[in-house]
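Here is the structure we will look at.
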Amino acid sequence: MDKVRIMLQFLQANQESFMNGICGIMALASAQMYSSFEFTCPCLPDYNYAYGIGILVVPPIWFFLLGFVMNNNISVLTEEWKRPVGKRRKDPSVLRYMFSSMTQRALIAPVVWIAVTLMDGKSFLCAYSATTDLSEFLNESHDNLPQKTLTKLQATIPCKDVFDGHKIISGDAATIYIRCLSQACGWIFLMVITFTAFLMRAIRPCFTQAAFLKTKYWSHYIDTERKLFDETCKEHAKSFARVCIQQYFESISGEIVPQLHLPQKKGKGDKEEDGEKQKSDEEKLLGVRKEEDMNKVLWNWHSCKPPLNISKRAQEANGHVHSDSSSFSDEYITQTSEKKTAVAYYSKV
């Protein structure tokens, strides 16, 4: 259990590794679901195509949507896309990068399902058995069969228990032929997907890496900022609840204490520990001690996030605004001690 808990903590700390693991599990689950799935072709000309193509298309769409649902970044992307601009502008390239990353992960399970389905050939056989030209497998004595009768007979090829036209057409040969076509389509599909992934990997370095690194950095920042904000809110709520409960019991202590036995006196160490714990709770409140103030903080965070300009705020707090790094370094040198200034002076000689 300890190893499992450590692994879960590691996956939660590494969001990218966690999502890659989820996508891998979904890919294996798709292959396992297909192997355990009971394929039953209706063997009717009007329903074979719909059933076969449905098995080939509908589950991949479900896996694709499930990949988005299980990705935690979908809520981050939606929140970033719908939030008011406020003091922080929205970068479309970052949103595109986040959506592209989620789409690539969500496509893994559908690709595995389609590849396994085409390689197996059952759905392809069911969908195209009635419409494929199988004149090469007809007996010469039955070349003049009506097209409607031939279509109904070909539609029953996937169902060996129902097919009774062995004297007219070779069902086993037709099955092998259609499955070969299905496997050929499967290999073509895999080659197209692999070649597309190769081009994406190979062409990306040809473009400006600075733009790619910028979008990647700020996408990670948005995710990390949201996690830290949630953690801070949880810590604030916990401290706020603890302080409120403590004040509540202190306010009614005059009514409760006379009816109870007096508690034992705590030692000096216990008092110091309680004082430090209470002090930490007070610090975690960060000055927000009212319900109205907390609601205002949460509303402002959504409607008007602070600008991403930490260095500017730090310089304004010192009372100076500098335009370049050289003036900032000069001010830093003047504010240091004489000993540090002397060291800086001799280092220039």
Side-chain angles (χ1 to χ4, degrees), residues 23-67 103-104 106-198:
C23 293
I25 293 173
M26 288 181 60
L28 294 175
S30 65
Q32 184 65 28
M33 283 182 62
Y34 182 83
S35 62
S36 60
F37 174 71
E38 184 178 356
F39 188 88
T40 305
C41 185
C43 294
L44 294 173
D46 298 332
Y47 298 98
N48 278 17
Y49 183 80
Y51 183 80
I53 296 300
I55 294 299
L56 187 64
V57 174
V58 174
I61 295 176
W62 178 73
F63 277 114
F64 182 71
L65 297 177
L66 186 63
T103 303
Q104 292 176 14
L107 282 173
I108 296 177
V111 167
V112 172
W113 177 274
I114 295 175
V116 172
T117 304
L118 290 176
M119 289 299 181
D120 185 65
K122 291 180 181 178
S123 63
F124 197 91
L125 175 64
C126 181
Y128 293 101
S129 61
T131 57
T132 305
D133 184 12
L134 301 176
S135 58
E136 297 181 359
F137 306 100
L138 286 173
N139 294 331
E140 296 180 358
S141 59
H142 300 86
D143 290 341
N144 298 326
L145 278 176
Q147 185 62 35
K148 187 175 182 180
T149 304
L150 184 61
T151 301
K152 289 183 178 180
L153 183 62
Q154 290 185 194
T156 59
I157 291 177
C159 305
K160 295 182 179 181
D161 298 335
V162 179
F163 180 70
D164 57 354
H166 295 285
K167 296 180 180 180
I168 301 175
I169 187 172
S170 177
D172 295 336
T175 300
I176 294 173
Y177 173 72
I178 297 176
R179 283 197 170 185
C180 287
L181 294 178
S182 177
Q183 291 177 1
C185 293
W187 282 112
I188 293 173
F189 174 76
L190 288 177
M191 288 296 297
V192 170
I193 293 296
T194 305
F195 186 71
T196 303
F198 169 75

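Thr194 places no side-chain N or O within donor-acceptor distance of the main-chain N or O of Met191, the cut-off being under 3.5 Å. Put simply, the side chain of Asn48 gets close to the backbone of Leu44: a donor and an acceptor are under 3.5 Å apart. Not a single donor-acceptor pair under 3.5 Å links the side chain of Thr117 to the backbone N or O of Leu56. The closest donor-acceptor contact from the side chain of Tyr128 to the backbone of Ser182 lies at 3.5 Å or more, if one exists at all. Panel note: side chain Gln154, backbone Thr132; a donor-acceptor pair is recorded below 3.5 Å. At distances below 3.5 Å, at least one donor-acceptor pair connects side-chain atoms of Trp113 with backbone N or O atoms of Ile55.
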Q.
One pair to check against side chain to side chain contact (heavy atoms under 4.5 Å, CB included): Leu118 and Ile188. What are the steps and the verdict?
A. CA-CA 10 Å; Leu118 290 176; Ile188 293 173; over 6 Å; no

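The nearest pair of heavy atoms linking Asp120 to Lys122 is OD2-CG, 2.8 Å. Of all non-hydrogen atoms in Ala155 and Ser129, the two that sit nearest each other are CA-OG, 3.9 Å. Nearest heavy atoms, Phe163 versus Ile169: CZ-CG2, 3.5 Å. Of all the heavy atoms in Ala127 and Tyr49, the pair that sits closest is O-CD1, 3.6 Å. In plain terms, the two heavy atoms of Phe189 and Ala115 that are nearest each other are CE2-N, 4.2 Å. Counting all heavy atoms, side chain and backbone alike, Gly52 lies closest to Cys126 at N-SG, 4.5 Å.
Within the model, atoms CG of Leu134 and CD1 of Ile157 stand 5.0 Å from one another, a figure rounded to the nearest 0.5 Å. Met119 CE to Cys185 SG: the interatomic distance, rounded to the nearest 0.5 Å, is 10.0 Å. The CD1 atom of Ile176 lies 12.5 Å from the CG atom of Leu181; values are rounded to the nearest 0.5 Å. In this structure, the separation between CZ on Phe39 and OG on Ser123 is 5.5 Å, given to the nearest 0.5 Å. Considering CG of Leu107 and OG1 of Thr196, their distance stands at 11.0 Å, rounded to 0.5 Å. Taking CD1 of Ile108 as the start and OG1 of Thr103 as the end, the distance is 11.5 Å to the nearest 0.5 Å.
By the 6.0 Å contact criterion, OH on Tyr177 is open, its count of non-hydrogen atoms from other residues, nucleotides or ligands being 12 or less. More than 12 non-hydrogen atoms from other residues, nucleotides or ligands lie less than 6.0 angstrom from CZ of Phe64. At most 12 non-hydrogen atoms from other residues, nucleotides or ligands lie less than 6.0 angstrom from OH of Tyr47.
Cysteines Cys159 and Cys41 have SG atoms no closer than 2.5 angstrom.
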